[in-house]
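On a predicted model such as this, the values are computed, not experimentally measured, just so you know. Proteins get letters first, then strands, A, B, ... in listed order; numbering begins at 1 in each.
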4 protein chains.
Amino acid sequence: MPGEAAKTVPPEAGSTATRILDAAEALFAKRGFAGVSVREIAGRVGLNQASIYNHFPSKQALYEAVLERGLGPITDLLAEGKGSFQSRDFQEQLLERLVDHLWRTPHLPKLIQREVLDGGEYLERLVDHWLTPIYEQGTSAMEATPGFVDWPLADRPLLILGLYHLLFGYFTSAALYARVLGKDPLSPEMRRTHLDFLRRASDRLLHQDVNAPTR
Amino acid sequence: MPGEAAKTVPPEAGSTATRILDAAEALFAKRGFAGVSVREIAGRVGLNQASIYNHFPSKQALYEAVLERGLGPITDLLAEGKGSFQSRDFQEQLLERLVDHLWRTPHLPKLIQREVLDGGEYLERLVDHWLTPIYEQGTSAMEATPGFVDWPLADRPLLILGLYHLLFGYFTSAALYARVLGKDPLSPEMRRTHLDFLRRASDRLLHQDVNAPTR
Amino acid sequence: MPGEAAKTVPPEAGSTATRILDAAEALFAKRGFAGVSVREIAGRVGLNQASIYNHFPSKQALYEAVLERGLGPITDLLAEGKGSFQSRDFQEQLLERLVDHLWRTPHLPKLIQREVLDGGEYLERLVDHWLTPIYEQGTSAMEATPGFVDWPLADRPLLILGLYHLLFGYFTSAALYARVLGKDPLSPEMRRTHLDFLRRASDRLLHQDVNAPTR
Amino acid sequence: MPGEAAKTVPPEAGSTATRILDAAEALFAKRGFAGVSVREIAGRVGLNQASIYNHFPSKQALYEAVLERGLGPITDLLAEGKGSFQSRDFQEQLLERLVDHLWRTPHLPKLIQREVLDGGEYLERLVDHWLTPIYEQGTSAMEATPGFVDWPLADRPLLILGLYHLLFGYFTSAALYARVLGKDPLSPEMRRTHLDFLRRASDRLLHQDVNAPTR
DNA sequence: GATGAATGAGGATTCATTCAT
DNA sequence: AATGAATGAATCCTCATTCAT
C-alpha cells in the first residue's frame with residue numbers, strides 16, 4: 001500500500017527492544033523473513049545494524065520473539081474461555097474480542113499466514129502445544145451447538161478452519177480488498193462492516209437450523 | 001526451514017524452460033520470491049545457475065512467468081462464463097471446475113497468497129485488468145440470486161471475497177490442515193470431502209432463504 | 001621479514017586454484033588461519049573476494065587444501081622408505097631429502113607448527129593416520145642403530161621428536177634466526193651450513209658410542 | 001577448533017587484572033592473538049567485555065602485558081648469571097631452572113613461538129634489547145667449553161638455537177607429543193624424563209670430546 | 001570498577017548476473 | 001544451450017572500542 005517511504009519508529013515509543021520488535025513485526029509481516037534484512041530493521045529504529053544484536057541473538061531469534069509476542073495474546077484469548085465454548089453468547093463475545101484484537105494488530109494475521117505458507121517449524125510447535133488442545137476442546141464443546149451437528153462429521157474440521165479463513169483472510173488479503181473495494185480495508189468505518197459480516201456469516205454457517213438439501 | 005528433501009525435476013518432463021518453471025513454481029510457492037535462490041532452482045533442474053539465464057532474462061522475469069503460467073487458466077476459467085453467472089447450475093459448475101484446477105495445481109494458491117501478502121505490483125495488474133471486471137460482472141449477475149440479495153449491500157463484497165478465502169484457504173494453509181487434521185490434506189480421499197464442504201458452505205451462505213435474525 | 005608490500009601472485013603462475021593455494025599458503029604461514037581474511041587472499045591473486053568460492057567451498061576448506069598439498073610430499077617422503085630406516089645411508093639420505101624439500105617450501109614448517117600450536121583437528125588426523133605408523137616403524141627400525149639404543153627407553157620418543165624440532169625449528173623460527181644471526185636464514189649460502197649442522201647434530205645424538213657419564 | 005571446555009578463572013585467584021592476564025595468556029597461547037576475542041577473555045573471567053578496558057587500554061596492550069609478564073622472569077633468569085656461563089655447573093643449573101620455570105608456565109613457550117612465527121615487532125624489541133646481548137655474552141663464554149669449540153664456527157649459532165628448540169619444542173608441541181606418546185606430556189611424571197632427556201642431549205651436543213668423524 | 005548499549009569496520013559467505021568458451 | 005569463472009552488492013554476524021550510567 002502507500003507510503004513506502006521508510007517510516008521510522010519514533011524514539012520515544014517504549015524500550016529499544018520493543019521498538020525493534022515493532023519495526024521487525026511490520027517488516028516481517030509485509031515482506032516475510034527472507035525479504036527483510038537486519039540492516040533495514042535497524043534503520044527503521046534508527047539504530048546501527050550491530051545494535052540489534054545487543055537485544056536479540058540472531059535474526060531468527062528476533063523473528064521468533066515477534067511471533068511470540070504477537071501470538072501470546074491470541075492463544076490467551078482462546079485459552080481463557082476454555083470451558084465455555086458451548087454458550088452462544090460466549091462464541092459471539094469471543095468473535096468480537098478476536099476481531100478487536102486483530103484490528104489492533106493487523107500485522108499479526110499476515111505473520112501467521114506467512115508462517116503457515118512456509119510450513120515453518122515455529123508453527124508446528126504453536127499448533128501442537130496450543131491450538132490443537134483448544135481446537136479439540138472447542139470442537140467437542142460445539143457438539144452442543146445444533147447448527148454445528150447438522151454438518152457431516154467429516155466436514156466439521158473444515159468448517160472450523162473455514163471460519164478461521166473467513167476471519168483472518170480479511171487481514172491477510174488486505175491488499176486485495178483495497179484494490180477490489182476501492183477503499184482502505186483498515187479504515188475505522190470498515191470495522192463495523194467487517195464484524196457484521198462475520199457475525200452474519202458465522203450465523204449462517206453455524207447457528208441455522210438447516211433442512212435445505214445441499215442439492 | 002525444514003523438509004529440504006532435494007526433489008529433482010526429472011529430465012524427461014518437458015522442455016528445459018518448462019522444467020525450470022516447474023521447479024521455480026514449487027520453490028516460490030514454498031518459500032517465496034526472496035527465499036529462493038537462482039542456484040537452488042537450477043540445482044533442482046540439474047542445471048548450472050548460469051543456464052537459467054538462457055531461458056529467462058532474470059529471476060524476476062522467471063517469477064512472473066511462473067505466475068503467468070499459473071494464473072492464465074484461472075482467469076480464463078472465470079472469463080469464459082462471463083455472461084452466465086446468474087445460473088445456479090453454472091455457479092455449481094464453476095466451483096467444481098475451479099476446485100478441480102486447484103487440486104491439479106496446488107502450488108498456485110500459495111503463490112497467489114504470497115503475492116497478495118506482498119501487495120506485489122504483479123497482483124495489482126492482475127486485479128485491475130482481469131479480476132475487477134469479472135468481479136463486477138459476477139456481482140451484478142448475482143443480484144439475481146435470491147440468497148445473495150438477502151445480504152446487506154455493504155456485506156456483499158466481503159461475502160464474495162469470503163468465498164474466495166474458503167476456497168483458496170484450503171490450499172494456502174495446507175500445512176496447518178495437515179497438522180490439525182492429522183492427515184495429508186492433499187490426499188485424493190480428501191478431495192471429495194473438500195468439494196462437499198465447499199458446496200455446503202456456499203449453499204448456506206448464498207442460496208438460503210434466510211429469515212433467521214442475526215441476533 | 002622485509003617487503004611486506006602486498007606481493008601479488010603473478011597471473012601466469014599456474015591455474016587459478018593453484019595461485020589461490022599459493023597465496024593462501026604464504027599468508028596462513030605468516031599469520032595463521034584466524035589472522036588472514038579471504039579478502040586478502042583474493043587480493044593477492046588479483047581476484048574478487050567472491051571468486052575464491054568458485055574454487056574452494058569455504059575458508060576452512062581452502063586451509064585444509066593448503067595443508068593437504070603441503071603435507072602430501074612430506075608424508076610421501078617418509079612413507080616411501082618404510083622398510084629401510086635402519087640403514088644409516090638411508091637415514092642420511094632421508095635427512096638430505098627432507099631438508100631439500102623444506103628449503104623449497106619454507107612456508108610448510110610454519111603451517112605445521114601453527115597447526116601443532118592450535119592442536120587443530122587436522123593435525124589429529126595427520127598424526128594418527130600417517131605419522132604414528134611411520135614413527136612406530138621408524139622407531140623399531142632404529143633399534144638396530146647402536147647410538148640409539150644407548151638412550152634409555154623413556155628418552156627415545158623425546159629424542160625423535162627432538163630431532164624433528166632441530167630440523168623444523170630452523171624454519172619455524174626463521175624470524176628469530178634472522179634477528180640473531182643478522183642475516184637472512186633462507187639465503188642460499190645458509191643452506192649448506194644448515195644441512196651440515198643437522199648432520200653433525202644428529203650424528204652426535206644418534207650415532208655415537210657414548211660412555212660419557214651424564215654427570 | 002575443539003576442546004572449548006569453558007574453563008573459568010576462579011574469582012578468588014588474585015586481582016581482577018591478574019585474572020584477566022591469566023585468562024588471556026591461556027587463550028592467546030592456545031589460539032593466537034587474532035584467534036581470540038576480547039569478549040571471550042572477559043567471559044572466562046566472568047566479566048563484561050567492556051570491563052576489560054578498565055584494566056587494559058586495548059587488546060593489543062593486554063597482549064603485550066601478557067608477554068611482558070611471562071617473559072620477564074625468563075630474561076631475568078638469563079641476565080642473572082651474565083658473568084658465569086662458562087661454568088658447567090652453572091649451565092646445568094641454568095638448564096634446570098629454565099625447565100623448572102617452563103613447567104610452571106607452559107603457556108609461555110607457545111606465546112613465544114607464536115610471536116616468532118608472526119615475526120611480531122614485540123619479538124624484535126625483545127631480541128634486540130635482551131636476547132642478543134645475552135646470546136653474545138653466552139656465546140663468548142662458551143668458547144671456554146671444550147665440547148663447544150669442537151663445532152665449526154658457522155655451526156655454533158645454529159647449535160645454540162638448536163638447544164633452544166630442544167628445550168622449547170617440548171612445550172610448543174605439547175599437542176603433538178600427547179598424540180604421539182599417547183599420554184599427557186605435561187603430567188608430573190613426564191617432568192623428570194624431560195629434564196633427563198635434555199641433560200643427556202645437551203651433554204652429547206656440548207660436552208663431549210668428539211673425534212668421531214662426521215662421516 | 002562494572003555494565004548495557006551503541007557503533008563503524010570488517011568478518012565469511014551468498015546473491016543475481018555476466019561473459020567467454 | 002550449457003557452463004566455469006568472475007564480480008559488485010548485499011547477506012548475517014562479530015569485532016574492538018566507547019560511553020553514559
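If you measure from atom NE2 of H55(A) to atom P of dT14(F), you get 15 Å, rounded to the nearest angstrom. At whole-Å resolution of the value, CD in E40(D) and C1' in dT14(F) are 12 Å apart. To the nearest angstrom, C1' of dT13(E) lies 12 Å from CG of N54(C). The CZ atom of R19(C) sits 13 Å away from the P atom of dA5(F) (whole-angstrom rounding). Between the OH atom of Y63(A) and the P atom of dC13(F) there is a distance of 15 Å, given to the nearest Å. Computed from coordinates, the L27(D) CG to dC15(F) P distance equals 13 Å when rounded to whole Å. Taking atom CD1 of residue I20(C) and atom C1' of nucleotide dG4(F), one finds them 13 Å apart after rounding to whole Å. In this structure, L62(C) places its CG atom 12 Å from C1' of dA12(E), rounding to the nearest Å.
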Counting primed atoms plus P, OP1 and OP2 as sugar-phosphate and everything else as base, spell out the protein contacts along nucleotides 14-21 of chain E at 4.0 Å heavy-atom distance: B, S or - for each nucleotide, 5' to 3'.
BSBBBB--
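Close to dG1(E), at under 4.0 Å from its OP1 or OP2, lies no side-chain N or O of S51(D). Contact annotation: T16(D) reaches the phosphate of dA2(E) (side-chain N/O to OP1 or OP2, under 4.0 Å).
Nearest heavy-atom pair across E121(A) and E115(A) is N-OE2, 4.1 Å.
Aromatic ring pairs are classed by plane angle as parallel below 30°, tilted from 30° to 60° and perpendicular above 60°; the pair F33(B) and F28(B) is parallel.
Every stem involving DNA chain E, taken as at least 3 paired positions in a row under the Watson-Crick or G-U wobble test at 3.5 Å, is listed here: E:2-21 with F:2-21.
Salt-bridge annotation for K110(C) and D118(D): absent, with no side-chain N of the basic residue lying under 4.0 Å from a carboxylate O of the acidic one. Salt bridge K30(B)/E25(B): absent, no basic N to carboxylate O contact under 4.0 Å. Ionic pairing of D22(B) and R69(B) is present here: one or more N-O contacts between side-chain nitrogen and carboxylate oxygen are shorter than 4.0 angstrom.
Side-chain N or O atoms of S15(A) include one that pairs as donor or acceptor with a backbone N or O of T18(A) at under 3.5 Å.
Within the 4.0 angstrom heavy-atom criterion, no nucleotide atom of any strand lies near I52(A).
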